[in-house]
Amino acid sequence: MPKLSVHVMQDGERVPMLHDESGLPLFYPTLYATSQLRNAGVAVNTIRNKLADLIVLLRWEFANRRNLISDFQAGRFLTIADVVSLRDFAKLDMRNWKSDGHSAGKPGVRVPSFLEATIASSRALAAIGPQQHFNRLSTIADYLEFTASVVTQYRNSHQIAQEIARMVTAIRKHRPRGLAKHLEEEPERRSPPTEVVNRFMAVGSEHDPRNPFKHPDIRLRNAIIFGLLKHTGMRRGELLSLRLDQFDLGHEPLVWVRRSQDDKLDSRRHQPVAKTKERPLPLPDELAEQLGRYMLQVRAPITPARKHPYLLISHRKGTGWGQPLSISALNCQIFGRMRAVDRDFELIHPHAFRHHFNYELSRSIDEHNAKAQSGANTVCATPISEHRELDVRAFLNGHRHRASGATYNRRHVREVSNEAARSLQTKMMRKAPTNEDDDEVS
């Protein structure tokens, strides 16, 4: 069965690729990824996700003993029954694919006739969510449109072009419907309560006895990780791609978020990268002091760390010692162990800090405006307008458009809305008649 891997070229470029068991790249998926995705400037992570979707299609072919390239060359395209079968298969959770009877030893699925069928209990198959199902079918539709057009391009047949368009339209019509453009979620799931965040930061500090990490060097590194996420709101990829030359720890310390895609000095196959605009972000003095200690006293003596410029490194002895910290290590080893300390910490993950940062930013602006309007703020008596607030949020988040920050402000908007609604309800109750005898007199 096909496997997905990421190859690092000599110039540092990461190239996701599907290959067979012998390591040979699959021709049509590679042609599609190169000509339609890579050449269009699609991000490496997006290409990898789309190739993972194509594995689902190839597994469907294997399970149904089909070869779609041969079918297309013969002028045979997917029927409605095929599309329905593909739709249902694409909804399965591929992590359980082999255990659900679609293993390599059982390539075909026999469908009994009606007279043979008997009623029996069967366990439900694990399925993915509607948004992922939608994305899978979208990728499959695009890929099949591309491959069918390529293998039939020399036939120059209008009828074949119509058949391809019919097949692709049918697949797209069978995607899940009713999906919200932006799925709503409980704001507290995105932006954890401030009390939980503060407790997490306290446990993750250098000297807290509840800290699950014992080595002082690891505690310092982790405290820096939590501090950078909390005080700057940067993304996980931006955090792990920070280099030593991006810091200015002088009078007014700051860190520059920069894009470093396809860096030859980055040994990580899945390279963490910034996906937002480059920008400087201010740092608190305490965090700057921790960064200075980590750079000079902890990181500098580690020989493998001197061969690359990345700030955060692995301190685990072995082949990865001193190498740049990986995404899996951040998610599983660092945040995973922290979540085991307290059940409330299940709400904490790297991106949750970005939502919390924006929530605290909104509260800070509200406090500033309240002081400015009351005349108590003598330092800056000018309130921050809504237009200016959007500019500030877009700059700090690295967004190109102001509207991109709306998703990070939902918790604050909800709290302000609830407060305004309750205030209005209180006023309405006060204005309502309080004489209970009015009905009796009338």
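These figures come from a predicted structure and were not determined experimentally.
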[X], [atom1]: over 12 other non-hydrogen atoms inside 6.0 angstrom:
X      : atom1 : result
Gln73  : CD    : yes
Arg166 : CZ    : yes
Asn39  : CG    : yes
Gln162 : CD    : yes
Arg38  : CZ    : no
Lys307 : NZ    : no

Going by an N to O cut-off under 4.0 Å, is there a salt bridge joining [X] and [Y]?
X      : Y      : result
Asp342 : Arg210 : no
Arg402 : Glu386 : no
Arg172 : Asp142 : yes

[X] and [Y]: side chain donor to acceptor below 3.5 Å:
X      : Y      : answer
Arg48  : Asn45  : yes
Arg269 : Ser5   : no
Tyr310 : Asp263 : yes
Asn135 : Ser138 : no
Ser157 : Glu163 : no

Using modelled atom types only, decide if a donor and an acceptor are shared between the side chain of [X] and the backbone of [Y] within a distance under 3.5 Å.
X      : Y      : value
Arg136 : Asp53  : no
Gln246 : Arg243 : yes
His231 : Pro282 : no
Arg14  : Val8   : no
Thr30  : Leu26  : yes
Arg293 : Val298 : no

Next on the checklist: Once side-chain contact (heavy atoms from CB on, under 4.5 Å) is applied, do any residues pair with Trp321, and if so which ones, sequence neighbours excluded?
Outcome noted: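 With neighbours one apart ignored, the set is Ile302, Pro304, Lys317.
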Next on the checklist: Give me the atom names and distance for the closest heavy-atom approach of Arg258 to Ser241.
Outcome noted: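 Result for this residue pair: O-OG, 4.5 Å.
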Checklist entry - Heavy atoms, side chains only, cut-off 4.5 Å: are Phe395 and Lys277 in contact? => result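 Phe395 vs Lys277: side chains apart.
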Next on the checklist: Using 0.5 Å steps for rounding, measure from the NE2 atom of His315 to the CZ atom of Arg221.
Outcome noted: 5.0 Å
Item to check | Reference residue Lys50; test side-chain contact (heavy atoms from CB on, under 4.5 Å); the match among Leu54, Ile47, Thr46 | outcome: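 So, applying the side-chain contact (heavy atoms from CB on, under 4.5 Å) to Lys50 and each of Leu54, Ile47, Thr46, only Thr46 qualifies.
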